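In what follows, a structure is listed as structure tokens, so that the remarks can point back to it.
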Protein chains: 2
Amino acid sequence: MWPLRLISYIRLLFTLDLISDKKTGMVRNTLRRLPLYAQIKSVLLRRIGEGEWPANLALPSEWELAAQLDVSQGTVRKALGELVAQGVLYRRQGLGTFVAEAADDWGAGCLLTPGLFGESPDALVLEFLGCSRANASEEVAAALQLRRGAPLIRVRQLWRLGGIAAALDDALLAADEYGDLDARTIRQCGGSVYVALQRRFGVRPRTQSEQLRGVLLERDDALVLGVAADVPVLSLLRLSASVEGVPVEWRQRICLTATLAYTMRPGA
Amino acid sequence: MWPLRLISYIRLLFTLDLISDKKTGMVRNTLRRLPLYAQIKSVLLRRIGEGEWPANLALPSEWELAAQLDVSQGTVRKALGELVAQGVLYRRQGLGTFVAEAADDWGAGCLLTPGLFGESPDALVLEFLGCSRANASEEVAAALQLRRGAPLIRVRQLWRLGGIAAALDDALLAADEYGDLDARTIRQCGGSVYVALQRRFGVRPRTQSEQLRGVLLERDDALVLGVAADVPVLSLLRLSASVEGVPVEWRQRICLTATLAYTMRPGA
DNA sequence: CAGTGGTCTAGACCACTCG
DNA sequence: GAGTGGTCTAGACCACTGA
């Protein structure tokens with residue numbers, strides 16, 4: 001019994017690219033620096049990132065995974081639970097555990113609703129406007145860990161609610177890394193940058209930080225949105241990173257708030 | 001063994017004010033409509049609400065609670081875990097599980113930071129401005145489940161960051177329910193409405209819904225904040241409710257965003 | 001040192017979904 | 001009915017805290 005467990009720990013060790021110079025007796029302790037379920041989580045995250053299981057197809061069952069990784073079902077369950085909480089997976093009782101689609105470009109931070117404290121989120125429609133090149137400002141360069149002036153891809157998207165323009169997005173990505181992201185690719189992905197990143201680069205961006213301001217709508221943006229300029233709007237900045245924590249995308253969003261309000265997801 | 005479990009289920013039944021007309025054989029199934037850990041959660045929430053354990057003092061240990069409620073430690077742990085996730089409790093390894101302080105008036109929805117994607121939240125200072133009476137508008141009445149024109153208590157607070165005015169709050173509460181909330185009481189609670197609610201009424205408000213807009217700063221508010229009017233600012237509306245889900249407070253906040261930005265808590 | 005939360009296991013049963 | 005996630009138990013050991 002015990003030797004078998006030990007072997008599994010050693011296997012996990014290599015799977016995680018961790019190195020231990022300790023004697024076998026010490027391996028377990030060394031590994032315990034991270035709880036087993038956290039190690040399982042890393043292993044699964046990597047295998048998901050490598051596209052081992054397509055989106056919306058079931059992973060192996062909890063018992064199957066437990067056998068593969070040589071841990072108990074409860075431990076697998078705890079790891080899966082955290083991934084579900086992070087939105088990477090979802091579960092359906094009696095069916096299985098599934099890889100979630102790439103995150104929606106709108107993001108999980110806040111939700112748009114038409115009414116006041118209304119409950120119906122209403123379908124936002126994403127419209128792809130175009131792709132262009134740009135250079136990193138000081139601010140963007142710092143956030144994306146690039147040098148100032150580094151070449152960027154700029155993706156412009158328009159959000160509509162019931163046909164009416166609601167928000168305007170500018171997504172910025174490092175061109176050196178994601179230069180292949182052209183208009184055709186994004187169009188094939190329904191206009192979604194995140195879906196394109198997932199399919200083309202195996203990157204699943206996750207919101208890392210979001211920031212809000214009240215600003216006045218600029219003339220250029222007002223033209224695109226088809227409304228008057230100089231009205232107060234909501235400005236959102238978002239930094240997204242891969243599951244490994246590498247910055248991927250900087251996004252700036254302008255939200256019209258004259259007739260709409262933005263309801264935040266009730267936290268916890 | 002089994003009879004003992006049965007008795008515990010029946011006890012839980014009464015603790016939860018649930019009623020079952022079924023024969024003893026059916027009680028278990030009836031109860032199973034809610035998982036055991038969820039029932040434990042309710043029981044604990046109520047006991048916390050009744051002030052059984054003062055803030056920052058330890059609850060009984062997981063094993064002790066398990067014995068009291070006649071469930072396993074793992075089940076208690078799951079219930080406690082969810083309450084920790086909700087911010088009602090916090091845990092410290094080796095010490096115990098504690099009741100958290102009343103929520104901060106600032107709220108858990110978003111966090112203010114001075115810099116761009118900066119990491120230091122910086123201490124916000126709350127300044128109590130005063131108390132007054134008002135009447136419920138249509139909107140507020142609907143949110144607080146009152147009739148239109150119902151008497152309200154209005155509490156005004158100013159938030160400062162490094163001495164500089166950053167935000168202005170107007171909290172509205174039903175006067176019929178919370179009429180005792182006068183300036184003296186609130187001052188005794190450090191200016192915090194939530195602390196006062198907890199101490200005076202045993203109510204622990206939790207954010208239920210939050211809504212954002214970009215608006216222009218009005219003249220009256222500009223005077224209080226000591227800045228120019230007509231600048232774009234962030235407007236936040238928040239509805240708070242008791243743990244039982246009864247609406248308690250409607251709060252309107254005006255955030256200056258000329259030199260500050262509001263970073264949202266990274267979700268999950 | 002004793003007591004606490006944190007992790008992990010093995011095994012059981014339930015509730016749901018599908019063919 | 002077979003297979004899946006969801007819950008619950010009993011017991012073990014670890015890591016941390018404080019006296």
Side-chain angles (χ1 to χ4, degrees), chain A residues 1-6 8-9 12 25-42 44 53 56-85 89-100, chain B residues 1-2 4-6 8-9 12 25-41 44 53 56-85 89-100:
Chain A
M1 198 58 167
W2 270 99
L4 204 143
R5 281 273 160 252
L6 238 180
S8 83
Y9 284 121
L12 261 179
M26 299 298 292
V27 173
R28 196 166 196 267
N29 275 328
T30 307
L31 283 169
R32 280 304 181 92
R33 299 177 60 82
L34 259 191
L36 239 195
Y37 74 87
Q39 300 176 39
I40 303 286
K41 218 172 110 181
S42 298
L44 292 177
W53 305 291
N56 298 318
L57 271 178
L59 267 63
S61 77
E62 296 178 350
W63 284 100
E64 171 70 23
L65 281 173
Q68 276 182 29
L69 300 164
D70 194 23
V71 298
S72 76
Q73 175 258 1
T75 301
V76 169
R77 184 168 180 75
K78 180 153 187 178
L80 291 178
E82 298 215 344
L83 293 176
V84 168
L89 302 174
Y90 64 95
R91 291 196 263 224
R92 282 184 52 197
Q93 185 172 31
L95 281 180
T97 304
F98 306 83
V99 177
Chain B
M1 198 57 166
W2 270 97
L4 203 143
R5 282 271 159 254
L6 237 179
S8 84
Y9 284 123
L12 261 179
M26 300 297 292
V27 173
R28 194 166 197 267
N29 276 328
T30 308
L31 283 167
R32 279 306 179 90
R33 299 178 60 81
L34 259 192
L36 241 194
Y37 74 87
Q39 300 176 39
I40 303 286
K41 218 172 110 179
L44 292 177
W53 304 290
N56 299 317
L57 271 179
L59 266 62
S61 76
E62 296 178 352
W63 284 101
E64 171 69 23
L65 281 172
Q68 276 182 30
L69 301 164
D70 196 20
V71 297
S72 76
Q73 176 259 359
T75 301
V76 168
R77 184 169 179 76
K78 181 154 186 179
L80 291 179
E82 297 215 344
L83 293 176
V84 168
L89 302 175
Y90 64 95
R91 291 197 264 224
R92 282 184 50 196
Q93 186 173 34
L95 280 180
T97 304
F98 305 83
V99 177

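Sequence lines set the chain letters: A, B, ... in the order given, protein chains first and strands last, and positions in each chain run from 1. Every value quoted in this text rests on a predicted model; they were computed, and no experiment measured them.
- A sub-4.0 Å separation between OP1 or OP2 of D/dT7 and a side-chain N or O of B/Tyr37 is present.
- In this structure, CG of A/Leu65 is placed 17 Å from C1' of C/dC8, rounded to the nearest angstrom.
- Nearest-nucleotide positions on DNA chain D for B/Arg92 and B/Val76 put B/Val76 closer to the 5' end.
- Residue contacts shown for B/Glu62 are limited to sugar-phosphate atoms, with no base heavy atom under 4.0 Å away.
- The distance from atom CD of B/Gln39 to atom C1' of D/dC8 is 12 Å, rounded to the nearest whole Å.
- Rounding to whole angstrom units, CD of residue A/Gln93 and C1' of C/dA15 are separated by 5 Å.
- Atom C1' of nucleotide C/dC18 and atom CZ of A/Phe98 are separated by 11 Å, given to the nearest angstrom.
- Rounded to whole Å, atom P of D/dC13 lies 15 Å from atom CD of B/Gln73.
- Taking CG from A/Leu69 and CD1 from A/Ile40, the interatomic distance works out to 4.5 Å, rounded to the nearest 0.5 Å.
- A donor-acceptor contact shorter than 3.5 Å is absent between the side chain of A/Glu62 and the backbone of A/Val76.
- Across all strands, A/Arg77 comes closer than 4.0 Å to base atoms (heavy-atom distances).
- Considering only side-chain N and O atoms, A/Lys78 lies under 4.0 angstrom from the phosphate OP1 or OP2 of C/dT7.
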*Could you please spell out the steps behind the side-chain contact (heavy atoms from CB on, under 4.5 Å) verdict for A/Leu44 and A/Leu89?*
CA-CA 10 Å; A/Leu44 292 177; A/Leu89 302 174; 5.6 Å; no
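- The structure places CZ of A/Arg77 at 12.5 Å from CG of A/Leu65, a figure rounded to the nearest 0.5 Å.
- The separation between B/Leu34 atom CG and D/dG6 atom P is 16 Å, rounded to whole Å.
- Between A/Thr97 and D/dG5 there is a side-chain N or O to OP1 or OP2 distance below 4.0 Å.
- Taking atom NZ of A/Lys41 as the reference point, atom P of C/dC8 lies 12 Å away to the nearest angstrom.
- Distance check: B/Thr75 OG1 to B/Leu80 CG gives 11.0 Å after rounding to the nearest 0.5 Å.
- Between A/Gly74 and A/Gly94, the one whose closest nucleotide on DNA chain C sits nearer the 5' end is A/Gly74.
- Remark: P of D/dG5 and CD of A/Glu64 are 10 Å apart, rounded to the nearest angstrom.
- One finds a side-chain N or O of A/Thr75 lying less than 4.0 angstrom from the OP1 or OP2 phosphate oxygen of C/dT9.
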